[in-house]
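Reckoned from all heavy atoms, side chains included, excluding hydrogens, waters and symmetry mates. We number each residue from 1, following the sequence as shown.
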Amino acid sequence: MTITHATGYAIKDPKDYLNFELTKYELEPLEDDRITVAVECCGVCGSDHHTISGGWGPFLTKFVVTGHEVIGKVVEVGSKVSEFKVGQRVGVGAQVGCCGKCKSCKGTNEQYCQQPVHGYNTLWYDNHEHQGGYSTHVRAQERFVFPIPDELASTDAASMLCGGLTVFSPLVRNGAGPGKKVGVVGLGGLGHYAVLFGSALGAEVTVFSRSDAKKEDALKMGAKRFIATTEGFHKDLQFEFDLIIVTASSSKLPLDELLSTLDVEKKLVFVGMPEDGLSNITSQTLSGNAAALASSHLGNKQEVKQMLQLAVDKQVKPWVNILQMKDAAKAIKAVEENTVRYRSVLLQDINA
């Protein structure tokens with residue numbers, strides 16, 4: 001019999017965004033290309049905080065069950081699903097559907113679908129709501145479900161599906177590897193993955209941060225250098241880097257100075273998402289080394305599989321804190337206070 005409902009920890013008012021209420025709700029239909037996953041654990045992402053607090057805008061659904069770094073078991077498959085079987089351990093990340101019709105979907109950039117269905121606070125094309133992974137079950141199109149290698153623990157793999165992928169895709173698309181120098185701005189949840197995966201790919205990684213507070217951690221993760229962005233930090237680094245990934249969500253970064261450290265025609269890629277945007281960039285800054293200011297969004301299915309296999313091959317192990325799902329408010333508060341070292345994962349605890 002088809003599963004019709006899930007139970008999750010819901011936020012019903014962005015003004016009360018730490019008040020998670022256990023709520024039962026109807027799942028979207030199990031279409032031919034969809035899979036139902038029983039949630040084992042779910043990572044906590046900065047996006048969760050931005051969304052439930054209203055920082056990224058109003059709720060699009062009646063309430064929000066957040067969480068888009070899900071590991072669990074397949075419990076149902078649609079009639080046209082061919083890649084997965086009931087009982088298989090899988091992951092679901094920050095996108096659960098795409099239109100299948102636009103240029104991106106017809107190619108291999110499905111994460112750039114013009115009408116994506118996100119991991120939560122989102123609607124399907126028939127206006128059914130989709131809720132996230134702080135819950136018992138999620139549904140997703142087969143294209144956005146990923147096999148998890150046996151060698152990876154669920155609590156390690158979970159946060160790779162958004163936090164890891166968000167930095168892995170721009171790393172590989174911009175040639176990070178042996179002989180390349182990569183700068184990582186900020187050492188939070190995303191930044192720690194940029195160091196881990198950049199190093200695993202063979203690049204020489206340098207971390208930029210406001211102070212030396214996380215220097216020891218950065219070096220343990222595999223960074224070769226740690227630079228505090230105090231006045232004049234950039235003067236001996238002109239044309240040094242092949243790629244810079246900005247993982248910080250601050251709009252007050254020393255962007256002119258950072259851009260000056262890029263080699264000719266290289267990119268500074270934003271994956272941090274400041275709520276108030278950027279206003280301190282001039283074209284004159286970019287012209288000195290033909291630097292490009294860019295961004296990136298998640299990654300495609302091939303990159304997910306590549307990332308997970310690299311994690312196996314190079315024994316990439318994220319720094320995670322494991323909590324019960326009922327402690328979601330505690331996890332979100334830690335994100336807000338920037339005390340997470342460096343991702344949190346919530347274990348299933350709902351009896352439903």
Does any non-hydrogen side-chain atom of His5 lie less than 4.5 Å from one of Lys24? yes
Working for side-chain contact (heavy atoms from CB on, under 4.5 Å), residues Ile3 and Leu27: CA-CA 8 Å; Ile3 296 168; Leu27 287 168; 3.9 Å; yes
With the threshold set at 4.0 Å, does a side-chain nitrogen-carboxylate oxygen contact exist between Lys301 and Glu110? no
Do you know which two heavy atoms are closest between Asp242 and Lys180, and how far apart they sit? OD2-CA, 3.4 Å
Any side-chain heavy-atom pair from Ile244 and Val185 closer than 4.5 angstrom? yes
Are Met273 and Val246 co-members of a hydrophobic cluster defined by side-chain heavy atoms under 4.5 Å apart? no
Can you check whether Gly186's main-chain N or O pairs, donor with acceptor, with Thr247's side chain at less than 3.5 Å? yes
If we only count heavy atoms from C-beta on, is the Ser135 to Val138 side-chain gap below 4.5 Å? yes
Please state whether the rings of His192 and Tyr342 are parallel, tilted or perpendicular, taking 30° and 60° as the class boundaries. parallel
Distance-only, no hydrogens or angles: does the Asn174 side chain make a donor-acceptor pair with backbone N or O of Pro170 under 3.5 Å? yes
Hey, could you give me the CZ/CG distance between Phe239 and Leu262, rounded to the nearest 0.5 Å? 9.5 Å
Any salt bridge linking Glu76 with Arg139? Criterion: basic side-chain nitrogen under 4.0 Å from a carboxylate oxygen. yes
Does Leu190 share a hydrophobic cluster with Leu243, counting links as ILVMFWY side-chain heavy atoms below 4.5 Å and allowing steps through other members? yes
Indicate yes or no: does Arg34 engage Glu28 in a salt bridge with an N to O separation below 4.0 Å. no
Supply the atom-to-atom distance Lys214 NZ to Ser209 OG, rounded to the nearest 0.5 angstrom. 6.0 Å
Counterpart residues, ring pair (Phe, Tyr, Trp, His ring centres under 6.0 Å), relative to His118 (two or more places apart): none
Closest non-hydrogen atom pair, Ala158 against Gly43: CB-N, 4.1 Å
Just by distance, do the side chain of Thr166 and the backbone of Cys162 share a donor-acceptor pair under 3.5 Å? yes
Please round to the nearest 0.5 Å and tell me the distance separating atom OG1 of Thr282 and atom CG of Leu255. 10.5 Å
Do Phe197 and Val172 sit in one hydrophobic cluster, given that two such residues count as connected whenever their side-chain heavy atoms are within less than 4.5 Å of each other, even indirectly? yes
Donor-acceptor under 3.5 Å (Arg143 side chain, Cys105 main chain): yes
Do Glu69 and Ser159 get their side chains close enough for a donor-acceptor pair, meaning under 3.5 Å? no
Any side-chain to backbone donor/acceptor pair from Asn289 onto Leu259? Under 3.5 Å, distance only. yes
Any idea which heavy atoms bring Val316 and Met160 closest together, and the distance? O-CE, 3.9 Å
Name every donor-acceptor pair, under 3.5 Å, that has one atom in a side chain of residues 51-58 and the other anywhere in the protein, sequence neighbours excluded.
{"residue": "Thr51", "atom": "OG1", "partner": "Ser47", "partner atom": "O", "Å": "2.9"}
{"residue": "Ser53", "atom": "OG", "partner": "His49", "partner atom": "O", "Å": "2.7"}
{"residue": "Ser53", "atom": "OG", "partner": "His50", "partner atom": "O", "Å": "3.4"}

Are Phe63 and Phe20 near enough that their ring centres are under 6.0 Å apart? no
For residues Thr7 and Thr23, determine if any side-chain heavy atom of one lies less than 4.5 Å from a side-chain heavy atom of the other. no
Counting only N and O atoms by type, is there a donor-acceptor contact under 3.5 Å from the side chain of Glu337 to the main-chain atoms of Ala334? no
With the side chain counted from C-beta on, respond yes when Ser199 and Lys224 share a heavy-atom pair under 4.5 Å apart, and no when they do not. no
Checking Gln324 side chain against Lys326 main chain: does a donor-acceptor pair fall under 3.5 Å? no
Stepwise side-chain contact (heavy atoms from CB on, under 4.5 Å) check, Lys101 with Cys113: CA-CA 9 Å; Lys101 300 173 183 177; Cys113 174; over 6 Å; no
In the single-linkage hydrophobic clustering (I, L, V, M, F, W, Y; side-chain heavy atoms under 4.5 Å), do Val90 and Val117 co-cluster? yes
Checking the side chain of Gln348 only, and the main-chain atoms of Val39 only, is there a donor and an acceptor separated by less than 3.5 Å? yes
Taking every non-hydrogen atom, the tightest pair across Cys42 and Val70: SG-CG2, 4.0 Å
Distance check, rounded to the nearest 0.5 Å: Leu298 atom CG versus Phe144 atom CZ? 9.0 Å
Just distance, no hydrogens or angles: give the donor-acceptor pairs under 3.5 Å from side chains in residues 307-315, sequence neighbours left out.
{"residue": "Gln309", "atom": "NE2", "partner": "Asp313", "partner atom": "OD1", "Å": "2.9"}

Any salt bridge linking Glu240 with Lys181? Criterion: basic side-chain nitrogen under 4.0 Å from a carboxylate oxygen. yes
Of all the heavy-atom pairs spanning Ser79 and Asp32, show the shortest one and how long it is. OG-OD1, 3.0 Å
Just checking, is any N or O donor in the side chain of Arg173 or Ser296 under 3.5 Å from an acceptor N or O on the other one? no
Pairwise side-chain contact, Trp124 with Val96, heavy-atom cut-off 4.5 Å (strictly under): yes
Give a yes or no on this: more than 12 heavy atoms of other residues, nucleotides or ligands lie within 6.0 Å of atom CD of Gln114. no
Could you walk me through whether Lys12 and Glu21 pass salt bridge (charged side-chain N to carboxylate O under 4.0 Å, His left out), step by step? CA-CA 8 Å; Lys12 299 182 177 178; Glu21 297 182 37; 3.4 Å; yes
Any ring pair (Phe, Tyr, Trp, His ring centres under 6.0 Å) pairs touching residues 64-117, not counting sequence neighbours? His68-Tyr120
Are Leu237 and Ile227 close enough that some pair of their side-chain heavy atoms sits under 4.5 Å apart? yes
Sidechain-backbone polar pair: Asn121 side chain, Val64 backbone, donor-acceptor under 3.5 Å: no
Residue list, ring pair (Phe, Tyr, Trp, His ring centres under 6.0 Å) with Phe270, at least two apart or on another chain: none
Reported CD-to-NZ distance for the pair Glu129 and Lys62, which is rounded to 0.5 angstrom: 3.5 Å
Just by distance, do the side chain of Tyr125 and the backbone of Gln115 share a donor-acceptor pair under 3.5 Å? yes
Applied to residues 227-237, the side chain to side chain donor-acceptor pair (under 3.5 Å) test, sequence neighbours excluded, yields none
What's the verdict on side-chain contact (heavy atoms from CB on, under 4.5 Å) for Phe226 and Val205, showing C-alpha distance, side-chain angles and the deciding distance? CA-CA 9 Å; Phe226 186 98; Val205 178; over 6 Å; no
So Phe146 and Val92, do their side chains get closer than 4.5 Å, heavy atoms only? no
Checking side-chain polar atoms at under 3.5 Å, does Tyr17 have a donor or acceptor matched by the opposite partner on Asp48? no
Distance-only donor-acceptor check, side chains Asn109 and Ser104, under 3.5 Å: no
Do the side chains of Leu171 and Val269 join up, straight or via other hydrophobic residues, at under 4.5 Å, putting them in one cluster? yes
Between the CG atom in Asp156 and the CD atom in Glu151, the distance rounded to the nearest 0.5 Å is 12.5 Å
Looking only at heavy atoms, the pair that brings Val145 and Ala140 closest together is CG2-CB, 3.9 Å
